[in-house]
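Residue numbers count from 1 along this sequence.
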Amino acid sequence: VDKGGSQVLTVGIRNKKDTLLHYKMSFTPISGPDGATFNIDTPRWFQLEDFALQVYTLPSADATVRNIRLQVPTSGVVSGSYYLTFNVIDDDFPAPDNIYAQKDFFIVIRG
């Protein structure tokens, strides 16, 4: 993705529980180019309503697909590879035992 560019990420979530899944979604930055730390909230890199606060409900054995727009800032971002995790958080459990699913991924920033 180029600096200032955007891309739509599509994620699928399936409820493997026997009960309703009440979940939130979040992204956790792990490391930036050359191990640098980075902030994905200021400015906000990911847009999907206010997904950090929004609680979604998914019936047992059901699945859903969500689109999340990645908008890379134009300034304050170094070109290179950024390592993050995408988290599905079970809102019925307290932290740290509330991670329902987690996926690691990389974003490569050009420019």
Spacing of [X] atom [atom1] and [Y] atom [atom2] [to the nearest 0.5 Å]:
{"X": "Leu84", "Y": "Phe105", "atom1": "CG", "atom2": "CZ", "result": "4.5 Å"}
{"X": "Arg66", "Y": "Thr10", "atom1": "CZ", "atom2": "OG1", "result": "12.0 Å"}
{"X": "Arg14", "Y": "Tyr100", "atom1": "CZ", "atom2": "OH", "result": "7.5 Å"}

So, for [X] and [Y], which heavy atoms are closest and what is the spacing to 0.1 Å?
{"X": "Gly32", "Y": "Tyr82", "answer": "CA-CD2, 3.8 Å"}
{"X": "Thr57", "Y": "Leu20", "answer": "CG2-CD2, 3.8 Å"}
{"X": "Ser26", "Y": "Ile89", "answer": "OG-CD1, 3.5 Å"}
{"X": "Gly5", "Y": "Gln71", "answer": "O-NE2, 3.5 Å"}
{"X": "Ile68", "Y": "Phe86", "answer": "CD1-CE1, 4.0 Å"}
{"X": "Phe38", "Y": "Tyr83", "answer": "CZ-O, 3.9 Å"}

May I ask you to check whether Tyr56 and Tyr23 place their ring centres under 6.0 Å from each other?
yes
Distance-only, no hydrogens or angles: does the [X] side chain make a donor-acceptor pair with backbone N or O of [Y] under 3.5 Å?
{"X": "Lys3", "Y": "Ser75", "answer": "no"}
{"X": "Asn15", "Y": "Pro59", "answer": "yes"}
{"X": "Ser81", "Y": "Pro33", "answer": "no"}

- request: Take Val72 and Asp2 through the test side chain to side chain contact (heavy atoms under 4.5 Å, CB included) and record every step on the way to the result.
  value: CA-CA 7 Å; Val72 178; Asp2 293 325; over 6 Å; no
Report task. Look at atom CG of Asp104 and say whether more than 12 heavy atoms of other residues, nucleotides or ligands are closer to it than 6.0 Å. Result ->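 Yes, because the 6.0 Å sphere around CG of Asp104 holds more than 12 heavy atoms from other groups.
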Review point. In terms of heavy-atom contacts, does CG of Asp18 have more than 12 from other residues, nucleotides or ligands at under 6.0 Å?
Key: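 It does not: Asp18 CG has 12 such atoms or fewer within range.
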Residues at least two apart in sequence or cross-chain that pass salt bridge (charged side-chain N to carboxylate O under 4.0 Å, His left out) with Asp92, listed by chain then number, are none
* Asked: Going through the checks in order, is the side chain to side chain contact (heavy atoms under 4.5 Å, CB included) test met by Val108 and Val1?
  -> CA-CA 6 Å; Val108 177; Val1 180; over 6 Å; no
Next item on the list: Begin with the C-alpha distance, continue with both residues' side-chain angles, and end with the deciding distance and a verdict on side chain to side chain contact (heavy atoms under 4.5 Å, CB included) for Val8 and Leu70.
Entry: CA-CA 6 Å; Val8 175; Leu70 165 65; over 6 Å; no
request  = Could you walk me through whether Asp90 and Lys17 pass salt bridge (Lys or Arg N to Asp or Glu O under 4.0 Å), step by step?
outcome  = CA-CA 11 Å; Asp90 190 330; Lys17 296 171 43 171; 2.9 Å; yes
State, with a plain yes or no, whether a side-chain heavy atom of [X] is found less than 4.5 Å away from one of [Y].
{"X": "Arg69", "Y": "Leu9", "value": "no"}
{"X": "Asn98", "Y": "Asp91", "value": "no"}
{"X": "Val78", "Y": "Ile109", "value": "no"}

Apply the test side chain to side chain contact (heavy atoms under 4.5 Å, CB included) to residues Thr85 and Ile30: give CA-CA distance (whole Å), side-chain angles for both, the deciding distance (0.1 Å), then the verdict.
CA-CA 7 Å; Thr85 59; Ile30 305 298; 4.2 Å; yes
